[in-house]
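A short write-up of the structure that comes next.
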Amino acid sequence: FTMTFKLNRNQMKYLVIVAMLIDHIAWAFVPTVSVLGFVMHFIGRLTGPTMAFFLVEGFEHTRDRKKYLMRLGIFALISWIPFSLFELGRITYSFGVIYTLFLGLIALMVEERQNLAPWKKILLFFILLILSLFGDWGLYDIIWPVLLYRYRDNPKQKWFSFCLVGALYVWMVSYGSKPFYTGLWALGTFMVPVIISKFYSGQAGSRHPFHKWFFYVFYPAHLLILYLLKLYFLG
């Protein structure tokens with residue numbers, strides 16, 4: 001007999017949080033050009049694309065989109081200083097992934113507007129893409145949610161377009177790495193269609209508020225802790 005192992009939305013989110021933590025520990029303490037660094041960053045590629053997927057899920061299922069947007073906006077602001085310190089060691093115009101997801105949610109609202117002229121949509125998307133360059137997973141957590149939403153009823157088209165953008169991401173990371181193969185940890189992005197297609201049950205899981213708020217609190221907290229640990233151990 002075949003045993004099917006499925007994860008609900010909460011379990012998937014915790015999986016992504018663990019992947020993100022592994023990735024951030026690697027950025028803080030493990031040389032990128034090392035086998036361990038490669039493996040940890042490969043695992044970390046699960047985070048951004050899966051968050052894009054669940055942004056679409058949230059957009060479709062939330063009872064109040066304005067509250068959802070406000071929540072992302074508030075925590076994008078809260079995460080700004082911890083992310084900036086973790087990334088660059090100083091406060092600057094560098095924002096975390098919640099900021100990019102906040103812009104991604106606005107992009108989904110634009111995408112849904114049937115009565116908006118195509119040129120206006122293109123202009124708004126362009127502005128959001130430019131703004132996303134200040135955030136983690138910039139560009140990609142705008143493009144992926146829009147494509148995942150646009151082709152939500154066509155799994156083949158949805159994952160094909162996802163993989164095309166994923167290929168662009170891998171090329172960009174590898175192009176910026178010397179030698180190029182040291183950036184091939186970006187291929188971890190392609191785990192996402194497999195994991196979601198094979199293991200995501202589509203069920204929400206427990207509705208306890210803890211599951212809803214855990215990521216929002218954990219994200220800035222773990223960045224700040226890792227920054228302080230870097231200061232303590234590495235100076």
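None of the values given here were measured: they were computed from a predicted structure.
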Closest approach of Val30 to Ser34 (non-hydrogen atoms, all atoms of both residues)
CG1-OG, 3.7 Å

Any Leu55 side-chain heavy atom under 4.5 Å of Leu108 side chain
yes

Answer with yes or no after comparing the ring centroid distance for Tyr149 and Phe59 against a 6.0 Å cut-off, counting only values under it.
yes

Given 3.5 Å as the limit, does a donor-acceptor pair link the side chain of Lys198 with the main chain of Lys6, or not?
no

Using modelled atom types only, decide if a donor and an acceptor are shared between the side chain of Arg113 and the backbone of Met109 within a distance under 3.5 Å.
no

Find out whether Trp144 and Trp137 are in side-chain contact, i.e. whether some heavy atom of one side chain is under 4.5 Å from a heavy atom of the other.
yes

Could you walk me through whether Glu57 and Lys13 pass the salt bridge (charged side-chain N to carboxylate O under 4.0 Å, His left out) check?
CA-CA 12 Å; Glu57 292 266 294; Lys13 284 179 181 176; over 6 Å; no

If you round to the nearest 0.5 Å, how far is CZ of Phe5 from CZ of Phe199?
7.5 Å

Is there side-chain contact between Leu116 and Leu124, with heavy atoms separated by less than 4.5 Å?
yes

Sub-3.5 Å donor-acceptor pair from the side chain of Thr182 to the main-chain atoms of Ser177, do we have one?
no

Which atom names give the shortest non-hydrogen contact between Asn10 and Gly205, and what distance separates them?
ND2-C, 3.5 Å

So CZ of Phe134 and OG of Ser94: to nearest 0.5 Å the spacing works out to 10.0 Å

Could you check whether any side-chain heavy atom of Tyr68 comes within less than 4.5 Å of a side-chain heavy atom of Leu72, counting everything from C-beta outward?
yes

Hey, can you tell me if Tyr175 and Trp171 have their rings parallel, tilted or perpendicular (30° and 60° cut-offs)?
parallel

Could you tell me whether the side chain of Thr189 and the main chain of Arg45 form a donor-acceptor pair under 3.5 Å?
no

Minimum-distance pair of heavy atoms, taken over all atoms of Arg90 and Ser84:
O-OG, 2.9 Å

Tell me, do Phe29 and Leu226 make a side-chain contact under 4.5 Å, heavy atoms counted?
yes

Please determine whether side-chain contact (heavy atoms from CB on, under 4.5 Å) holds for the pair Tyr99 and Leu131, giving the CA-CA distance in whole Å, both sets of side-chain angles, and the decisive distance to 0.1 Å.
CA-CA 10 Å; Tyr99 163 80; Leu131 289 172; 3.7 Å; yes

Are Leu15 and Val194 joined in one hydrophobic group, where the rule is that I, L, V, M, F, W and Y side chains link up if heavy atoms are under 4.5 Å apart?
no

Could you measure the distance from the OG1 atom of Thr100 to the CG atom of Leu128? Nearest 0.5 Å is fine.
11.0 Å

For Met12 and Ile195, run side-chain contact (heavy atoms from CB on, under 4.5 Å): C-alpha distance rounded to whole Å, both residues' side-chain angles, the deciding distance at 0.1 Å, then the answer.
CA-CA 9 Å; Met12 285 288 294; Ile195 290 173; 3.9 Å; yes

Exactly one of Ile78, Ile17, Ile98 clears side-chain contact (heavy atoms from CB on, under 4.5 Å) with Tyr219, and that residue is Ile98

Please check if Phe215 and Ile74 belong to a single hydrophobic cluster, counting links between Ile, Leu, Val, Met, Phe, Trp and Tyr side chain heavy atoms closer than 4.5 Å.
yes

Closest heavy-atom pair, Leu88 versus Thr92, reported as atoms and distance to 0.1 Å, is CD1-CG2, 3.2 Å

Pair Tyr200-Arg9, side-chain donor/acceptor within less than 3.5 Å
yes

Between Pro49 and Val192, the two heavy atoms sitting closest are CB-CG2, 3.7 Å

What I'd like to find out is whether the side chain of Asp23 reaches to under 4.5 Å of the side chain of Thr47, using heavy atoms alone.
no

Separation between CG of Leu187 and OH of Tyr169, rounded to the nearest 0.5 Å
10.5 Å

Identify whether Leu164 and Ile142 are in the same connected component of the hydrophobic contact network (ILVMFWY, side-chain heavy atoms under 4.5 Å).
no

Can you see which heavy atom on His24 is nearest to which on Leu223, and at what distance?
ND1-CD2, 3.7 Å

Donor-acceptor pair, Lys158 side chain versus Asp153 backbone, under 3.5 Å?
no

Is any side-chain heavy atom of Val170 closer than 4.5 Å to one of Phe190?
yes

Co-membership, hydrophobic cluster, residues Ile122 and Leu139, 4.5 Å side-chain
no

Run the ring-centre check on Tyr151 versus Phe162 and record whether the distance is less than 6.0 Å.
no

Would you say Leu129 and Tyr93 are hydrophobically clustered, going by side-chain heavy atoms of ILVMFWY under 4.5 Å?
yes

Chi angles and distances behind the side-chain contact (heavy atoms from CB on, under 4.5 Å) call for Leu69, Phe102:
CA-CA 6 Å; Leu69 187 67; Phe102 168 76; 3.6 Å; yes

First locate atom CD1 of Ile196, then atom OG of Ser201, and finally report the distance between them rounded to the nearest 0.5 Å.
12.0 Å

I'd like to check Phe218 versus Met20 (side-chain heavy atoms, cut-off strictly below 4.5 Å). Are they in contact?
yes

Option passing ring-ring contact (aromatic ring centres under 6.0 Å, His included) with Trp27 (candidates Tyr227, Phe86, Trp185)
Trp185

Atom pair CZ (Phe38) and CD1 (Ile43), whose distance is rounded to the nearest 0.5 Å:
11.0 Å

Distance-only, no hydrogens or angles: does the Asp141 side chain make a donor-acceptor pair with backbone N or O of Met51 under 3.5 Å?
no

Any side-chain to backbone donor/acceptor pair from Trp159 onto Asn154? Under 3.5 Å, distance only.
no

